[in-house]
Amino acid sequence: MNQQITQLALVVEDYDDAIEFYTNKLHFDLIEDTKMSETKRWVVVRPKGSGGCNLLLALAANEEQKSRVGNQTGGRVFLFLHTDNFERDYKNLLTHNIKIVRGPSKEPYGTVAVFKDLYGNLWDLIEPTDL
């Protein structure tokens with residue numbers, strides 16, 4: 001059996017603000033931006049050099065979805081961004097005034113810091129020990 005999770009939906013308030021954050025601040029690639037209707041687009045981003053999971057930026061369409069923007073996991077770290085160069089990517093977060101929730105620390109699994117995306121979702125930036 002060969003299965004993969006290829007995409008995760010991330011509920012956002014605005015497509016263009018989310019695209020700007022992920023492409024200009026985190027330097028993700030914009031993979032697709034297709035208009036589906038007057039209000040819906042299919043917007044996919046992924047980290048540079050990634051062959052793994054993509055993010056589908058999904059516009060919150062109703063009050064229940066809007067209530068989840070920025071807190072899809074009840075305050076837990078939601079996404080884990082592995083890097084081959086922690087210093088470079090951590091400095092990038094600082095340069096773009098991205099909110100750091102917990103500064104760098106060395107853990108058994110690697111060097112890690114926690115940051116918030118533009119809506120407040122928590123991310124781990126990790127340079128794994130095995131890289």
Side-chain angles (χ1 to χ4, degrees):
M1 182 182 286
N2 183 2
Q3 298 178 330
Q4 299 176 34
I5 295 175
T6 60
Q7 224 154 243
L8 294 173
L10 179 66
V11 183
V12 301
E13 289 179 1
D14 181 88
Y15 288 120
D16 294 321
D17 290 345
I19 290 169
E20 191 278 330
F21 178 83
Y22 286 102
T23 61
N24 293 334
K25 294 187 177 186
L26 291 185
H27 305 293
F28 283 21
D29 290 325
L30 178 62
I31 303 305
E32 184 174 355
D33 184 358
T34 302
K35 184 175 180 177
M36 306 296 283
S37 70
E38 286 304 311
T39 58
K40 184 177 180 179
R41 289 158 55 185
W42 189 262
V43 179
V44 179
V45 297
R46 74 170 166 230
K48 287 199 179 297
S50 175
C53 195
N54 298 332
L55 285 180
L56 171 69
L57 303 179
L59 186 68
N62 58 44
E63 289 308 312
E64 183 176 1
Q65 291 175 14
K66 288 177 184 177
S67 75
R68 304 302 195 275
V69 172
N71 192 18
Q72 293 191 189
T73 58
R76 291 190 57 105
V77 170
F78 175 45
L79 297 163
F80 301 81
L81 181 61
H82 282 202
T83 178
D84 63 348
N85 187 324
F86 182 89
E87 266 318 297
R88 175 197 64 216
D89 293 337
Y90 185 74
K91 285 179 184 176
N92 180 66
L93 297 177
L94 297 174
T95 298
H96 287 96
N97 297 314
I98 294 172
K99 173 76 173 155
I100 305 299
V101 174
R102 191 181 76 209
S105 65
K106 298 277 187 187
E107 303 296 336
Y109 54 85
T111 303
V112 62
V114 179
F115 69 94
K116 287 185 177 183
D117 69 14
L118 75 162
Y119 296 117
N121 293 298
L122 296 177
W123 287 69
D124 271 0
L125 174 66
I126 303 170
E127 183 176 345
T129 308
D130 59 356
L131 283 183

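Nearest heavy atom pair, residue Y109 against residue V112, reads OH-CG1, 3.6 Å. A18 and Y119 get closest at one heavy-atom pair: N-OH, 4.2 Å. Closest of all the heavy-atom pairs between T129 and P108 is OG1-O, 3.1 Å. The two residues V101 and L122 come nearest to each other via the heavy atoms CG2-CD2, 3.7 Å. When all heavy atoms of R88 and N85 are compared, the pair lying nearest together is N-OD1, 2.8 Å. Annotation for P47 and C53: closest pair CD-O, 4.3 Å, computed over non-hydrogen atoms.
Placement of L10 and L56 in two distinct hydrophobic clusters is found when ILVMFWY residues are connected by side-chain heavy-atom separations under 4.5 Å, directly or transitively. In terms of hydrophobic clustering, with Ile, Leu, Val, Met, Phe, Trp and Tyr side chains grouped at heavy-atom distances under 4.5 Å, L125 and V45 are assigned to a common cluster. Linking ILVMFWY side-chain heavy atoms closer than 4.5 Å, directly or via other members, places V11 and V77 in two distinct hydrophobic clusters. Under the 4.5 Å side-chain heavy-atom criterion for grouping Ile, Leu, Val, Met, Phe, Trp and Tyr, F28 is connected to L30 within one hydrophobic cluster.
In summary, R41 and D16 engage in a salt bridge, as defined by a charged side-chain N under 4.0 Å from a carboxylate O. Ion pairing between a basic and an acidic side chain is recognised when a charged N comes within 4.0 Å of a carboxylate O; K48 and D29 show such pairing.
Here the options are F78, Y90, F80, W123, the test is ring pair (Phe, Tyr, Trp, His ring centres under 6.0 Å), and the partner is F115; only W123 passes.
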Audit row: T34, E32, side chain to side chain donor-acceptor pair (under 3.5 Å) steps and yes/no: CA-CA 6 Å; T34 302; E32 184 174 355; 2.8 Å; yes

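Surrounding CD1 of I5 are at most 12 heavy atoms belonging to other residues, nucleotides or ligands under 6.0 Å away.
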